[in-house]
Asker: 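Please read through the structure below; I'll follow up with questions.
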Amino acid sequence: MPLRRRTFLLGGLAGAGTGLAVFSSAPAAAASYPFTLGVASGEPSADGFVLWTRLAPRPLDQDGFGGMPDAPVTVEWQVAADEHFQNVVADGSVSAVRAAAHSVHVELDGLPPGREFWYRFRADGHISQAGRTRTAPAVGTSPALTMLFASCANYPSGYYTAYRRMAEEHPDLILHLGDYIYEGGGADVRAHTPSREITSLADYRVRHAQYRADVDLQAAHHVAPWVLVWDDHEVENNYANLVRDNDSPAGDFRARRAAAYRAYYEHMPLRAAQAPSGENLQLYRRLRWGSLATFHMLDTRQYRSDQACGDGWKDCAEADDPSRTLTGSAQESWLLDGLGQRLATWDLIGQQVFFAQRLSGAGNRSMDGWDGYRPNRTRIQDAWQASGNTSTVVLTGDVHRHWAGNLMNDYDAQDKVIGTELVTTSVSSGGDGNPADDDTSSVNPHLKYNKNLRGYVRTVTRPTEMAVDFRVVDRVSVRDEPVRTERSYLIQAGAPGLQNP
Ligand SMILES: [Fe+2]
């Protein structure tokens with residue numbers, strides 16, 4: 001879309017320096033403050049991004065409509081080149097409608113690459129918080145990228161101090177690798193709303209709203225664009241009821257999944273290309289960060305074969321059946337094609353479940369991760385080796401512990417490192433960790449680091465190397481703990497595997 005003329009920047013100088021009054025001619029506030037869920041941006045491209053907000057003056061209303069009336073509400077938006085909104089470069093308005101729970105998604109394009117921007121909304125006479133975002137750098141350039149990634153933020157398990165500390169790092173980009181919400185009840189450090197397992201569209205909307213009302217989570221959204229993929233808990237643990245013949249509490253797993261996917265889209269800064277269609281939502285996608293990095297974001301939940309041997313730790317021969325798939329064949333082809341294009345120095349695969357082989361002490365494998373779908377993993381690894389890509393890093397969540405490991409050509413032979421895996425611990429899931437719990441068993445020699453504390457991973461990526469810091473907080477049962485780096489690594493471009501800094 002071309003940059004639009006500023007239609008409501010009237011008397012803007014009156015607000016100069018205050019950062020508040022550039023939206024002029026504001027009508028008197030006619031309703032309660034609607035921006036209780038904050039604002040967000042995501043999906044950065046070289047010329048744009050997505051802006052998001054949802055109007056919800058009473059976010060926990062059980063009907064899932066956030067205290068909004070039936071009628072559509074006009075939401076104005078602004079994008080500025082400065083945090084005081086004195087240089088507004090794009091603006092417009094959209095209609096927030098009840099069918100979408102008064103959420104709005106605005107897709108910007110036509111902006112210059114590699115720049116910071118600030119954005120905000122106005123509705124019902126109220127002005128939202130301002131968010132900071134950015135466009136990706138242009139192809140042909142490779143400026144350093146500070147990127148944080150996180151996963152697994154079960155609300156009852158603890159406070160979102162990790163999100164707060166992420167905001168304070170002012171990253172260029174944040175990846176979220178799944179389990180953004182949890183579907184269960186629970187009241188440990190704090191209580192889920194509703195207090196039972198959620199199954200309906202109204203339930204999922206309320207649950208997302210509860211998470212989004214958290215000020216620490218809002219802070220992380222307000223500081224940088226996010227790129228998200230889900231894991232299982234955005235719908236249900238391990239999609240278990242799909243396997244158990246639709247005996248979900250909702251009575252129909254597919255209806256439940258459709259409700260969960262719809263609420264997910266309504267609450268995330270995703271493009272219209274990701275709008276759900278019934279029980280399906282196309283979440284796997286590629287984002288380019290100049291000539292520095294390509295993000296291949298995977299969906300390892302929606303298309304996988306049923307878990308042949310259940311989802312526990314097993315030594316199950318069916319896991320080696322080549323017809324079994326974690327990605328589905330279409331997503332696998334798409335990934336192999338994208339890796340083969342070698343669009344940038346680094347290929348970063350953002351996904352959910354443990355990628356490297358990880359054996360238990362008894363020699364069993366987790367059937368929920370890639371170990372349960374070995375031929376699928378082998379085909380992907382073989383493809384990036386065949387295309388000569390020596391700077392592939394897999395970014396993972398799910399397991400509620402930090403892990404770092406080398407990806408091996410052959411996990412039995414342990415002869416050749418062909419990539420690197422960085423696994424982020426949880427934001428809060430599992431509650432306070434245990435710093436003495438450091439499980440690097442000799443049965444997994446390619447796995448170099450493990451720590452059971454909450455936190456996130458920071459990466460600073462350059463054309464020659466990626467610097468990795470595993471960031472931890474000691475407790476999430478109390479607010480406002482400090483963050484520290486527990487372990488650091490370097491990954492050299494062209495020389496896969498972990499190196500000590
Ligand atoms: Fe999780």
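Position 1 is the first residue of the sequence, and the numbers go up from there. One-based numbering, in listed order, for ligands and for the atoms of each.
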Asker: Find, among atoms of D179 that are N, O or S, the one nearest to the Fe ion (ligand 1), and state its name.
Answerer: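 Restricting D179 to its N, O and S atoms, the minimum distance to the Fe ion (ligand 1) goes to OD2.
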
Asker: Give the ring-plane orientation class for W289 versus F295, where under 30° counts as parallel, over 60° as perpendicular and anything between as tilted.
Answerer: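 The rings of W289 and F295 stand perpendicular, inter-plane angle above 60°.
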
Asker: Using ring pair (Phe, Tyr, Trp, His ring centres under 6.0 Å) as the criterion, point out the one residue from Y264, Y182, Y265, Y239 that pairs with W230.
Answerer: Y264

Asker: Flag Y182 as yes if one of its N/O/S atoms falls below 2.8 Å of the Fe ion (ligand 1), otherwise no.
Answerer: yes

Asker: Measure centre to centre between the rings of Y284 and W334, then say whether the value is under 6.0 Å.
Answerer: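 That pair passes the under 6.0 Å test.
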
Asker: Looking just at side-chain N and O atoms, do Y180 and R212 make a donor-acceptor pair shorter than 3.5 Å?
Answerer: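 There is such a pair between these side chains.
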
Asker: So, 2.8 Å as the limit: is an N/O/S atom of H233 located closer than that to the Fe ion (ligand 1)?
Answerer: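 Checking the Fe ion (ligand 1) against H233, no N, O or S atom falls under 2.8 Å.
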
Asker: Angle at the Fe ion (ligand 1): provide the value between NE2 of H400 and SG of C152, rounding to 10 degrees.
Answerer: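 Angle NE2(H400)-the Fe ion (ligand 1)-SG(C152): 90°, rounded to 10°.
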
